[in-house]
Amino acid sequence: MSKRILAYRRLDEQQLEQLRSRYHVDYFGKLSSADDPAFREALAEAHGLIGAGVNITPVLLDAAPKLEAIASISVGVDNYPVDELTRRGILLCNTPDVLTETTADTGFSLIMASARRVVELADFVKRGDWKASIGPEQFGSDVHGKTLGMVGFGRIGQAIARRGALGFGMQVLYSNASPKPEIERELGARRCEFDELLRESDFVCAIVPLTDETRRLIGAREFERMKESAIFINLSRGQVVDEPAMIDALKRGQIRAAGLDVFEKEPLPADSPLPQMANVVALPHIGSATHETRTAMAQRAVDNILLALDGKAPISPVNPEVRNETAT
Ligand code: NAP
C-alpha cells in the first residue's frame with residue numbers, strides 16, 4: 001500500500017511532482033481551517049504531513065492514526081506538541097539554516113526603519129504633508145555605533161548581530177541560554193545578565209523560540225528597565241512579549257519605538273492599536289518571506305518528509321530520538 005502525504009501549505013509544481021512521484025498527495029495549497037472536512041478526511045489517512053501555520057494539537061493527532069512524520073515549513077516548532085509527538089513515535093522536522101540570513105535581513109530592516117522612522121516619514125510624504133524642510137520633531141536616531149542587545153543568540157540572533165557589529169560598528173550584548181564564545185570573539189560580543197542587557201541596550205531584539213520559559217519573557221518589568229530612547233524589536237513570536245504591556249510602554253514613552261514582525265494574534269485583530277501608532281513599524285510576519293527563501297524552506301521540508309517516510313534520517317529532525325528508539 002502506498003503511503004499518503006497531506007500537504008497544507010503552498011508548494012511549487014516541481015516540489016509537488018517530487019512528492020507525487022513517490023506517494024499519493026492530498027494537497028491543500030491554501031487551507032482556511034483545520035476543521036475543513038476534506039482536510040480531516042485526508043488527515044485520517046496521512047502517513048506524512050508537510051505544511052505550516054496550523055496548530056497541530058493532540059486532538060488533531062488523535063484524528064491521524066497512521067501518522068509517521070511531520071515536515072514543518074518553518075524553523076519555529078511552537079505549533080507542535082513536541083513531547084507528545086515523541087511519545088507517539090512521530091518524527092518532527094523543521095527548516096533551520098535556510099532562512100537564517102533572510103530573517104536576519106528582516107530584523108535589520110526593522111532596526112533601520114524604526115530608528116530612522118522610515119515608514120512614518122514615507123507616509124508623511126505620501127499624504128502630501130512635506131511642505132517644508134523637516135525639523136527635529138521628525139529626526140530619528142542613529143543605528144551605527146549603538147548598543148545592540150540580542151535576547152536569544154542562536155542562528156538568527158548571531159546573523160543579526162553580525163550585520164550590526166561588522167556593518168554598523170555596533171557593540172553587541174547578548175543573553176542566551178548558553179554562552180557562544182566563538183561568535184563573541186568574531187564580533188567582540190559580550191554575554192551579560194538579562195537586566196544589564198535591558199538597561200544598556202539602545203536596541204533590544206528578541207529572537208528566541210517560543211517555549212514555556214520564553215512565553216511573556218518581556219513584559220512591564222522589562223520595559224521599565226529599558227532606556228527611554230530604546231527601540232524594541234520582536235522577530236521571534238508574539239507570545240514572547242506581553243503585548244498590552246508593550247503597547248502601554250510605547251504609549252507612555254517608556255521606550256521610544258518598536259519594530260514588530262510577530263504578534264500575539266496573527267493576522268492582527270482590527271481593534272489592535274499597533275498599526276495606528278506612529279512609533280511602531282508593524283510587518284505581517286515576513287521574517288523569511290522572500291521567493292528564494294520560501295522556496296528553499298519548502299524544498300527542505302519536501303526532502304525531510306521523503307527521507308522520513310523512506311525510513312532514512314531526515315536533514316533536520318527536531319526529535320531524532322524517535323528513530324533512535326525505534327532502531328533499538
Ligand atoms: P536557534 O538557532 O535555535 O536559536 C534560538 C536561541 O535562543 C538559542 O541560542 C537558544 O539558546 C536561545 N534560547 C532558548 N531559550 C532561551 C531562554 N529561555 N533564554 C535565553 N535564550 C534562550 O533558532 P533560530 O533559527 O535562531 O530561530 C529562533 C526563533 O526565531 C524560532 O524558534 C522562531 O520562533 C523565530 N523565527 C521567526 C521568524 C519570523 O518570520 N519572524 C522566522 C524564523 C524564525 P541555546 O543556544 O543555548 O540553545
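Every number for a ligand or one of its atoms is a count from 1 in the order of the listing.
Against a heavy-atom cut-off of under 4.0 Å, Val75 is close to the following atoms of ligand 1: 25 (O), 31 (C), 43 (C), 44 (C). Heavy-atom proximity to Thr103, at under 4.0 Å, picks out these atoms of ligand 1: 38 (C), 42 (C), 43 (C). Within the listing of ligand 1, atoms 24 (P), 25 (O), 26 (O), 27 (O), 43 (C), 44 (C) sit less than 4.0 angstrom from a heavy atom of Ile156. Listed by number with element, the atoms of ligand 1 under 4.0 angstrom from any heavy atom of Ser178 are 45 (P), 46 (O), 47 (O). The Asp261 neighbourhood of ligand 1 comprises atoms 39 (C), 40 (O), 41 (N), with distances under 4.0 Å to a heavy atom of that residue.
Note on ligand 1: Ile207 sits in its first shell, one or more heavy atoms being nearer than 4.0 Å. Within the 4.0 Å heavy-atom cutoff, Lys180 counts among the residues contacting ligand 1. Residue Ser236 places a heavy atom less than 4.0 Å from ligand 1.
Closest to atom 1 (P) of ligand 1, if we only count protein heavy atoms, is Arg155 NH2, 3.6 Å. With hydrogens left out, the protein atom closest to atom 5 (C) of ligand 1 is Pro209 CD, 3.6 Å, a heavy atom. Distance from atom 33 (C) of ligand 1 to its nearest protein heavy atom, with residue and atom name: Arg237 NH1, 3.7 Å. Annotation: atom 17 (C) of ligand 1 to nearest protein heavy atom, Thr214 CG2, 3.8 Å. Here the protein heavy atom with the shortest distance to atom 18 (N) of ligand 1 is Glu213 OE1, 3.1 Å. In terms of protein heavy-atom proximity, atom 37 (C) of ligand 1 is closest to Leu235 O, 3.1 Å. Scanning all protein heavy atoms for the shortest distance to atom 20 (C) of ligand 1 gives Ala177 N, 3.5 Å. In terms of protein heavy-atom proximity, atom 12 (C) of ligand 1 is nearest to Asn176 OD1, 2.9 Å.
The shortest N/O to N/O separation between Gly76 and ligand 1 does not fall below 3.5 Å. Between His285 and ligand 1, an N or O atom pair is found at a separation short of 3.5 Å.
Taking a distance limit of 4.0 Å, we find that atom 9 (O) of ligand 1 is approached by some protein heavy atom.
Screening residues 18-40 for ring-ring contact (aromatic ring centres under 6.0 Å, His included), with sequence neighbours left out, gives Tyr8-Phe39, Phe28-Phe39.
Distances from atom 4 (O) of ligand 1 to the heavy atoms of Gly154, Gly107, Pro179, Ala206 show the closest one on Gly154.
Checked against side-chain hydrogen bond (donor to acceptor under 3.5 Å, both in side chains), Arg215 has no partners two or more places apart in sequence or in another chain.
Under the 3.5 Å distance criterion, with hydrogens and angles disregarded, no donor-acceptor pair is assigned to the side chains of Ser109 and Thr106. Counted by atom type alone, Arg191 and Ser175 present zero donor-acceptor pairs between their side chains at under 3.5 Å. Side chains of Thr103 and Asp105: no donor on one and acceptor on the other come within 3.5 Å. Remark: the Asn94 side chain and the Ser74 side chain contain no N/O donor-acceptor pair separated by less than 3.5 Å. Judged purely by distance below 3.5 Å, without hydrogens or angles, the side chains of His47 and Glu68 never pair a donor atom with an acceptor atom. For the residue pair Tyr174 / Gln158, no side-chain donor-acceptor distance below 3.5 Å is found, with atom types taken as modelled.
Between Glu120 and Arg117, at least one side-chain N (NZ, or NE/NH1/NH2) sits under 4.0 Å from a carboxylate O, which counts as a salt bridge.
For the pairing with Asp202, the side-chain hydrogen bond (donor to acceptor under 3.5 Å, both in side chains) check across Arg256, Lys227, Lys146 returns one residue only, Lys227.
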Check the pair Phe223, Phe232 against ring pair (Phe, Tyr, Trp, His ring centres under 6.0 Å), reporting the backbone distance first and the verdict last.
CA-CA 9 Å; Phe223 289 113; Phe232 174 64; 5.4 Å; yes
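Of the possible donor and acceptor atoms, none in the side chain of Lys180 sits under 3.5 Å from a partner among the backbone N and O of Gly154.
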